[in-house]
Amino acid sequence: MLMLNHVLSAEPVATERLRQHVGRTIGVQWREWPRFMPAPPVLLFHISAAGLLEWTPDVGAPELADLTVRVDASRPLELLGQLAQGGRVPMEVQGDAALAADVNWLVDNVRWDIEADLARVIDPRLAHEVATVGRGLARGLKLAVGTGAQWAARWRAGRL
């Protein structure tokens with residue numbers, strides 16, 4: 001939660017968009033979560049006056065949220081790889097149209113600038129090198145996860 005708000009607060013346009021929806025709630029549900037893994041909880045977030053998100057555990061039912069985001073979690077490793085690469089995850093958004101438009105904008109436009117954060121605590125040139133290595137590792141992770149998912153699909157289909 002802290003990381004998400006850190007990323008949002010680094011983008012004044014993002015917090016301004018969320019400020020227009022103060023008091024509303026966003027529910028996040030996981031579709032098609034693999035049965036062999038413990039199911040993650042439904043997440044509910046309240047939009048604060050600062051334009052940030054506050055986690056509201058056990059407050060209300062997810063169907064009472066002003067906006068529901070359903071994330072396709074049928075392939076959690078692939079989902080993790082997409083997130084590591086800064087890609088958009090497969091999801092459906094349902095509920096308040098104005099809030100949905102702003103959440104979609106956030107998903108499409110807001111990314112964590114790791115290099116800028118590192119440059120605040122270490123030499124900017126070193127931060128650039130670390131970020132470059134990190135991007136390479138993320139690409140490698142995405143490739144490995146994708147290949148693993150292909151092998152798993154073949155195994156399930158009996159083609160191995």
Side-chain angles (χ1 to χ4, degrees), residues 1-34 37 39-122 124 126-139 141-143 145-146 149:
M1 189 79 255
L2 287 174
M3 185 55 146
L4 180 59
N5 281 328
H6 169 74
V7 172
L8 288 171
S9 64
E11 295 288 341
V13 175
T15 54
E16 188 55 41
R17 281 180 173 260
L18 285 176
R19 270 193 211 106
Q20 297 171 28
H21 306 285
V22 170
R24 297 218 167 141
T25 56
I26 300 170
V28 178
Q29 298 176 337
W30 311 96
R31 288 184 308 130
E32 308 205 21
W33 188 260
M37 297 175 67
V42 173
L43 302 172
L44 289 173
F45 299 101
H46 176 79
I47 300 173
S48 74
L52 300 174
L53 299 174
E54 296 174 348
W55 178 47
T56 54
D58 303 325
V59 178
E63 58 271 3
L64 298 178
D66 296 295
L67 184 75
T68 301
V69 177
R70 290 182 185 87
V71 178
D72 180 357
S74 58
R75 297 181 181 137
L77 290 177
E78 198 172 301
L79 183 66
L80 182 63
Q82 286 172 319
L83 288 171
Q85 196 68 10
R88 184 180 173 109
V89 299
M91 65 182 191
E92 297 172 5
V93 179
Q94 183 180 17
D96 180 82
L99 181 54
D102 284 332
V103 166
N104 273 319
W105 184 90
L106 293 171
V107 169
D108 287 340
N109 294 287
V110 177
R111 298 288 180 272
W112 180 26
D113 188 351
I114 299 169
E115 188 173 333
D117 278 351
L118 283 172
R120 289 187 190 113
V121 293
I122 62 175
L126 181 57
H128 176 73
E129 292 303 318
V130 169
T132 300
V133 168
R135 284 189 290 273
L137 289 172
R139 280 191 301 276
L141 174 63
K142 183 178 181 182
L143 180 63
V145 168

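T25 is not listed as a side-chain neighbour of I47, based on a closest heavy-atom distance of 4.5 Å or more. L18 has its side chain within reach of L106: a pair of non-hydrogen atoms, C-beta onward, lies under 4.5 Å apart. Counting only heavy atoms from C-beta outward, the side chains of V69 and L43 never approach each other to under 4.5 Å. Two residues are said to be in side-chain contact when any heavy atoms from C-beta on lie closer than 4.5 Å; D66 and H21 fail this criterion.
The heavy-atom pair separating W33 from A73 by the smallest distance is CE3-CB, 3.3 Å. Among all heavy-atom pairs drawn from W55 and F45, the shortest one is CA-CD2, 3.9 Å. Counting all heavy atoms, side chain and backbone alike, P34 lies closest to S74 at CG-O, 3.9 Å. The two atoms that bring A65 and G27 nearest to each other are CB-N, 3.6 Å, heavy atoms only.
Applying the salt bridge (Lys or Arg N to Asp or Glu O under 4.0 Å) criterion to R24, with sequence neighbours excluded, gives D96. With sequence neighbours excluded, the residues that form a side chain to side chain contact (heavy atoms under 4.5 Å, CB included) with E16 are R19. By the salt bridge (Lys or Arg N to Asp or Glu O under 4.0 Å) test, D102 pairs with R17, sequence neighbours left out.
Separation of atoms CZ (R70) and CD (E32) is listed at 12.5 Å; rounding is to 0.5 Å. Atom OG of residue S48 and atom CG of residue N5 lie 7.0 Å apart, to the nearest 0.5 angstrom. The CD atom of E54 sits 13.0 Å away from the CG atom of L44 when rounded to the nearest 0.5 Å.
Of the listed residues (T68, V107, L67), just one forms a side chain to side chain contact (heavy atoms under 4.5 Å, CB included) with V93, and that residue is L67.
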